[in-house]
Amino acid sequence: MKLLVLIGRTVLHGFETVGSLSVFSGQALAHGVRPPIYLRLIGMQMLEIGFYSLPVVGLTAIFTGMVLALQTFNAAARFNAESTIATVVVLSMTRELGPVLAGLMTAGRVGAAIAAEIGTMRVTEQIDALTTLSTSPFKYLVMPRVIAGVTMLPFLVLVADIIGVMGGYLVSIHKLGFNPAAYLKNTFDYLETMDVVSGLVKAAVFGFLITLMGCYQGYHSRGGAQGVGAAATNAVVSASILILAANYLITEFFFAR
Amino acid sequence: MTRATPKIELADLHVAFGANRVLQGLDLTIAAGESVVIIGGSGSGKSVLLKCILGLLEPSRGRIRIDGEDVTRLSGAERQTVMRKFGMLFQGAALFDSLPVWENVAFGLIQGDKMARPNARRIALEKLAQVGLGADVAELGPAELSGGMKKRVGLARAIARQPEIIFFDEPTTGLDPIMGDVIDRLIVKCRTELGATTLSITHDMASARRIADRIAMLYQGRIVWDGPVATIDRSGNPYVDQFINGRAEGPIQMAVSAA
């Protein structure tokens with residue numbers, strides 16, 4: 001009997017969370033299309049989410065590109081297909097690894113920071129203070145972050161794609177002895193616009209999910225430092241899971257035959 | 001003779017969080033220009049009451065009227081228009097960490113009233129001077145201020161838009177007695193200068209006596225006594241007597257578990 005109660009409670013809590021998140025998303029989007037638009041805050045968030053995430057995304061991309069080249073060479077050598085390395089690296093980076101890794105790394109860095117900042121504002125009554133000063137927390141706190149996330153993640157992914165391909169190039173040329181001109185030719189010959197565009201669409205969706213989950217968890221945090229800590233953890237975990245789930249759906253939308 | 005419309009009118013207000021019924025049919029009327037202090041123990045629902053009036057919490061039942069207008073379930077632009085009448089000093093001051101002191105004070109002017117930043121800064125400096133803080137404080141961050149200075153900045157922010165109604169949530173909590181007296185005097189001074197209606201909540205009786213025209217006692221979600229500050233010592237109400245004398249024995253039973 002206790003097991004049934006536990007299952008029922010978990011299911012109800014799940015529905016409650018989905019409902020609450022849907023209302024939150026709706027409010028965030030509704031506020032986003034009505035003035036005032038806080039351009040200064042959007043600019044600051046673009047700097048925070050985009051520019052300051054460049055080192056972590058860049059490092060992740062370059063090592064991933066390097067490992068990808070090594071692993072592909074190792075595997076392709078078994079059936080004499082070493083020349084496919086350049087194509088495998090560029091397609092893997094642009095279609096999958098660039099967006100997903102940049103998304104996950106940004107979720108860890110930005111999602112937690114957003115949840116912690118807004119969560120602290122919640123428990124110290126700063127969000128209530130905003131309301132008493134005739135300012136909507138959705139417009140002032142949520143929308144600048146969501147807009148910055150949606151616009152800056154594609155930029156980060158584009159940089160990750162370029163750096164990742166460059167990592168694969170460095171290993172292939174300097175360690176595996178490939179011809180630079182042939183490697184570059186193989187890289188661009190099989191790359192199609194849709195490979196890059198699908199990755200950028202994924203990035204925009206991931207940016208929305210990361211910032212939305214950070215804002216949602218922070219906005220609903222309760223109970224002081226422990227609550228803020230839990231909000232930061234939940235923001236990263238929920239954004240990561242949603243990124244992976246959304247990644248499958250978008251991939252199916254673009255590439256399923 | 002017609003009766004003047006009350007500034008704030010609360011009728012049969014109920015608020016519950018799950019099974020915890022915090023307000024249970026609260027009635028309170030505050031006239032324009034009056035200073036009312038609500039006293040009551042920790043967890044008695046004083047802060048919840050303020051948040052209900054401000055629209056931060058929605059009551060499950062009852063009516064809230066401001067200047068005769070029902071504001072119980074206002075939202076969006078209508079709520080923001082009503083909020084223009086209010087100023088609020090939060091218990092922990094609730095200053096925005098990311099902004100310097102002057103922008104905290106000018107926040108409502110810049111964001112709410114769309115005032116140009118140079119004008120808003122000039123007014124912020126005037127308000128800071130009004131609460132005894134110099135221009136040298138204006139560029140500091142909230143983290144660089146003492147508790148008393150934070151309260152003063154919070155007070156300057158609360159009065160910056162010249163509100164008709166000001167709420168004070170535990171204005172002297174966490175301050176030494178001298179700074180508490182300073183804050184109380186500032187509250188009385190600001191209220192007199194603005195001619196505002198004020199509603200304060202506290203369990204500091206010395207503070208309540210200094211700033212109130214009228215005191216109301218909140219217990220178990222209802223107002224159990226309401227009268228002029230001068231009569232509180234002879235209220236004849238056992239709840240009030242126990243509270244103002246700080247006695248453990250009496251009708252108010254605190255949830256205390258012995259180790």
Side-chain angles (χ1 to χ4, degrees), chain A residues 9 12-13 16 20 23-24 26-45 47-48 113-114 116-145 148 218-220 222-225 228, chain B residues 17 47-48 50-57 74-99 103-115 117 120 142-143 150 153-154 156-161 163 165-170:
Chain A
R9 195 174 288 155
L12 285 177
H13 181 68
E16 190 185 326
S20 165
V23 170
F24 188 87
Q27 281 181 305
L29 292 173
H31 282 285
V33 294
R34 288 198 301 252
I37 306 291
Y38 296 105
L39 292 176
R40 197 170 67 96
L41 293 177
I42 293 171
M44 283 165 61
Q45 289 303 324
L47 196 68
E48 183 61 41
I114 290 175
E117 186 180 359
I118 295 182
T120 304
M121 290 185 75
R122 164 61 72 198
V123 300
T124 56
E125 296 185 306
Q126 290 178 51
I127 293 181
D128 290 345
L130 275 178
T131 309
T132 64
L133 293 164
S134 306
T135 304
S136 160
F138 279 93
K139 278 193 200 304
Y140 191 78
L141 296 176
V142 178
M143 276 325 291
R145 287 165 172 80
Y219 196 83
H220 291 96
R222 294 280 182 275
V228 174
Chain B
F17 300 107
S47 295
V48 168
L50 288 194
K51 288 183 177 181
C52 269
I53 302 172
L54 291 168
L56 301 170
L57 291 172
L74 288 186
S75 61
E78 288 174 316
R79 169 63 62 183
Q80 287 192 5
T81 306
V82 172
M83 292 315 299
R84 181 65 186 81
K85 294 182 179 181
F86 287 90
M88 166 97 183
L89 172 59
F90 286 86
Q91 188 174 348
L95 302 179
F96 305 125
D97 304 323
S98 56
L99 301 177
E103 272 196 71
N104 265 283
V105 176
F107 192 91
L109 299 168
I110 296 170
Q111 305 297 347
D113 299 348
K114 310 296 170 213
M115 186 181 282
R117 288 171 73 85
K150 281 182 186 169
V153 175
R157 184 173 71 180
I159 62 171
R161 298 168 84 190
I165 302 165
I166 313 176
F167 288 172
F168 300 100
D169 185 356
E170 310 271 10

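Chain A is the first sequence line, chain B the second, and so forth, proteins listed ahead of strands; every chain is numbered from 1. The structure displayed is predicted, hence computed values, not measured ones.
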Point to revise | M115(B) atom CE, over 12 foreign heavy atoms within 6.0 Å | key: yes
Exercise for review: Report the C-alpha distance between Y140(A) and F107(B) in whole Å, list the side-chain angles of each, state the deciding distance to 0.1 Å, and finish with yes or no for ring pair (Phe, Tyr, Trp, His ring centres under 6.0 Å).
Suggested key: CA-CA 12 Å; Y140(A) 191 78; F107(B) 192 91; 5.1 Å; yes
Review point. Relative to chain A, which segment of D113(B) carries a heavy atom at a distance below 4.5 Å: side chain, backbone, both, or neither?
Key: neither
Review point. Checking heavy atoms, do the side chain of L95(B), its backbone, both or neither come under 4.5 Å from chain A?
Key: backbone
**Study point:** Closest-packed option against chain A by number of heavy-atom pairs under 4.5 Å, given K51(B), R84(B), K114(B)
**Key:** K51(B)
**Study point:** Between T132(A), T131(A), L130(A), the one whose heavy-atom pairs under 4.5 Å with chain B are most numerous
**Key:** T132(A)
Practice item. Measure F86(B) against the heavy atoms of chain A and call it side chain, backbone, both or neither at under 4.5 Å. Key: backbone
Check your understanding: Measuring from Q45(A):CD to I114(A):CD1, what's the distance to the nearest 0.5 Å?
Key -> 6.5 Å
**Study point:** Most contacts with chain B, counted as non-hydrogen pairs under 4.5 angstrom, among D128(A), T124(A), T120(A)
**Key:** D128(A)
Practice item. Under the salt bridge (charged side-chain N to carboxylate O under 4.0 Å, His left out) rule, collect the residues that match up with E103(B), sequence neighbours excluded. Key: R40(A), R117(B)
Check your understanding: CG/L57(B) to OG/S47(B) distance, rounded to the nearest 0.5 angstrom?
Key -> 10.0 Å
Point to revise | Distance (rounded to the nearest 0.5 Å) between S136(A) OG and Q27(A) CD | key: 8.5 Å
Point to revise | Atom pair OH/CD1 of Y219(A) and I118(A) - distance to nearest 0.5 Å | key: 9.5 Å
Study note, to complete from the structure: Greatest number of non-hydrogen atom pairs under 4.5 angstrom with chain A, of D97(B), L109(B), L54(B), D169(B), falls to D97(B)
Exercise for review: Examine whether an atom of I127(A) lies under 4.5 Å from a heavy atom of chain B, and if so say whether it belongs to the side chain, the backbone or both; otherwise answer neither.
Suggested key: neither
**Study point:** R79(B) portion near chain A, given a 4.5 angstrom heavy-atom threshold
**Key:** neither
